[in-house]
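The structure appears below as C-alpha cells.
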Number of protein chains: 2
Amino acid sequence: MKPADSTVPLRDDVQDDRTQFIRDALHNAIVERRLAPGAKLVETEVGELFDVSRTVVRASLQMLAFEGLVRIERNRGAFVAYPSPDEARQIFESRRVIESEIAKCAAQRITDTDIAMFKAHLQEEDRLLAERGPNARRAAIKASGDYHLMLASVAGNLILERFMRELIARSSLVIALYGQSGASSCARSEHADILDALVAQDGKKAADTIRHHIDHIEEDLDYKVASNAPLRDALRI
Amino acid sequence: MKPADSTVPLRDDVQDDRTQFIRDALHNAIVERRLAPGAKLVETEVGELFDVSRTVVRASLQMLAFEGLVRIERNRGAFVAYPSPDEARQIFESRRVIESEIAKCAAQRITDTDIAMFKAHLQEEDRLLAERGPNARRAAIKASGDYHLMLASVAGNLILERFMRELIARSSLVIALYGQSGASSCARSEHADILDALVAQDGKKAADTIRHHIDHIEEDLDYKVASNAPLRDALRI
DNA sequence: CAAGATGAAATTGTATGCAATCCATAATTC
DNA sequence: GAATTATGGATTGCATACAATTTCATCTTG
C-alpha cells in the first residue's frame, strides 16, 4: 500500500521473513477451518510443504502458540488448539470488554473514508453469504472476522488491536467446535447496526450494539457438544 | 536472587523447560530495571550466561518480543524495548479498559483468603517503600506490579490476566523511561483504596478507583523527556 | 580533516546431525 | 485371550556448523 518510501524508513514490513510467511499461512488455514482443532502439525511435514528447515517451522509454531491458536506439548509436538468451554467463555467475555471500548473509540474517530470501506465490506459479506459452497462459507467466516478487525483498526489503539486479532482468531476456533447453526445471517444485520451507530457517532450505542452482537454469537454455541471429529484428541488429556 | 514468588501464579504446568526459565530471568531483569530500555541482548552472551545454545536463547527472545518487552530487528538482533510516548499512552489506555473490568469481576469474586493475601501484600509494599537503596527500590517496583497481577488473578479470566501481565511489564519500561518522581508513595495509599472497594464488594467503585490510580501513574510521566541513558539507541532508527 | 571505501570481526539466520522421547505394533507372559 | 512388555520407526529438543549480514576500525582520497 505504501510503495513510495522516503529517506526515513518507518516500518520495514518488507521482510522476506519466511517465519512470518509460514505463520500467516497456518494462521489463515486455522481461521478458515481448513485445519481442524486438534490437528497435529508435524514440523518436517510443514517444512517440506514450504521448503524450509524445521528451525523456521518451529519459530512459526511458537508464534502461533503465543497467540493461543496452537498448543505445544513438550516432546509431543504442536496441535491446532482445542479450546475448552471455559476458555471459550473467557474469550467472549474478553471480547465484550475490549470490543465495546473499541466501538466507543471508533465512534469518535471514524472518517468518511472509513465509512465507505465499511459499506463496501458489508456488501462483500452479503455477496459471500448469498453464495453457496464450502469456499464461499470459508470466505464468509473470514470476512466476518475482518469486520471486527476493521473496527479495531479505526479505534487507533495498536495494543487493543493486537489483542482483538488474537481473540477473533480464537473465536473462529470456538465457533468451529461449538457452533450449531450457520447463524451468520443474523450477524450480518448486526454488523450493519454497529455501523449505523458509528456513523451517528453514538459511542454508547455502538458499544451496546456490539455487546449484544457478541452475546448473539455466543448464544449460538452449545458448549456441551464439541461438534465434529477429533474426540480422541479431546479426550487425550 | 529468587525469593519464592507466590504472588504471580503461572498458568503453565511446571516444565523443566529452559526456554521458559531464561524468558523469566530476562523478564524479571527488564521489569526490575536491571536491563535498561534499548539494551542489546546478544544471543551468544545470554547463552553462555545460562549455559545453553543459541537455539534456546532465540526462543526466549522471541517470546519476549511477543510480549512487547523486546524488539527484534532482522539481522541486527534483540533489544530491550524502548516504548515511544504513543505506545506508552496506548498501554495505559489499554490498562484502564481491561483493569477496570477486572476490578469489577474481582469485587464479585473476592474471598476472605484473597483479602488476607492482599493485606499481607500491602504490608510488604509498605516495608519495601520504607527501606532505602536500589535493591529495595527494585523490589518495590516489582511488588507494585504484582499487586495489579493479583487483582487480575482474582478476577478469574485467564486471558485478560495474560493481557494484564503483558501490560504491567511494559508499564514498568514506560515508567523507567518517562517517570519523574518516585511517586510510588501516592500509589501505595491508592492500592489500599482499591482493596477497600473490593472488600465492600462495590464493583463500580473499585473500577473508578483503579482508573484514577492509573491516571495518577500516568500523570507522573513526562513524555517529552526520555529519562536516562541510551539516547543513541533511541535515535538509532 | 571530512567523507567515503575496505575488510576483518562479530552477530544473526538457517540447515543439519544426534540424542532423547514418544507411539504403534509385535512379542511375551500369565 | 487379555494384559504387559519389547522393539523399531517417527518425532521432537537441542547443539553446532556454515552462510549472510551487520558493525566497526582502518585506510584511502579529495
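These numbers were taken from a predicted model, which means no experiment stands behind them. Residue numbers begin at 1 in each chain, while the letters A, B, ... track the order of the sequences.
Residue-to-nucleotide proximity on DNA chain D shows that, of A/G77 and A/T55, the 5′-proximal contact is made by A/G77.
Remark: B/R74 is not in phosphate contact with C/dT12, judged by side-chain N or O atoms under 4.0 Å from OP1 or OP2. Between A/R76 and the phosphate of D/dT11, there is no side-chain N or O to OP1/OP2 separation shorter than 4.0 Å.
At most 12 non-hydrogen atoms from other residues, nucleotides or ligands lie less than 6.0 angstrom from CZ of A/F21.
If you measure from atom NZ of A/K40 to atom P of C/dC23, you get 8 Å, rounded to the nearest angstrom. Distance, B/E48 CD to D/dA15 P: 13 Å, rounded to whole Å. A/D51 has its CG atom 12 Å from the C1' atom of C/dA15, to the nearest Å. One can place CD of A/Q20 at 17 Å from C1' of C/dT14, the figure rounded to the nearest angstrom. In this structure, CD of A/E43 is placed 13 Å from C1' of C/dA15, rounded to the nearest angstrom. With rounding to whole Å, A/F50 atom CZ is found 15 Å from C/dT14 atom P. As a whole-Å value, the separation of B/E45 CD from C/dT11 P is 7 Å. Summarising the geometry, the separation between CD on A/Q62 and C1' on C/dT14 is reported as 15 Å, rounded to the nearest angstrom.
Of the candidates C/dT16, D/dT11, D/dC14, D/dT11 carries the atom nearest the A/V42 side chain, counting heavy atoms from C-beta on. With distances taken from any side-chain atom of B/N75 to the nucleotides D/dT22, D/dA17, C/dT21, the minimum falls on D/dT22. Minimum atom distance to the side chain of A/R54 is reached by C/dC18, of the listed C/dC18, D/dT11, C/dT14. Of the candidates C/dC23, C/dT16, D/dC14, C/dT16 carries the atom nearest the A/S53 side chain, counting heavy atoms from C-beta on. Counting only heavy atoms from C-beta on, B/V52 has its side chain closest to D/dA15 among C/dT12, D/dT11, D/dA15. Here the side chain of A/V56 is nearest to one of D/dC14, C/dA15, C/dT11, namely C/dA15.
At a threshold of 4.0 angstrom between heavy atoms, the contacts of A/L41 are confined to the sugar-phosphate backbone, with no base atom among them. No contact: A/I72 has no heavy atom under 4.0 Å from any strand.
A salt bridge links B/R54 with B/E43: the distance from a Lys NZ or Arg NE/NH1/NH2 to an Asp or Glu carboxylate oxygen falls below 4.0 Å. A salt bridge is defined here as a Lys NZ or Arg NE, NH1 or NH2 lying under 4.0 Å from an Asp or Glu carboxylate O, and A/E166 with B/R162 meets this definition.
Remark: the B/Y178 side chain and the B/E218 side chain contain no N/O donor-acceptor pair separated by less than 3.5 Å.
The backbone N or O of A/A143 sits less than 3.5 Å from a side-chain atom of A/H121, completing a donor-acceptor pair.
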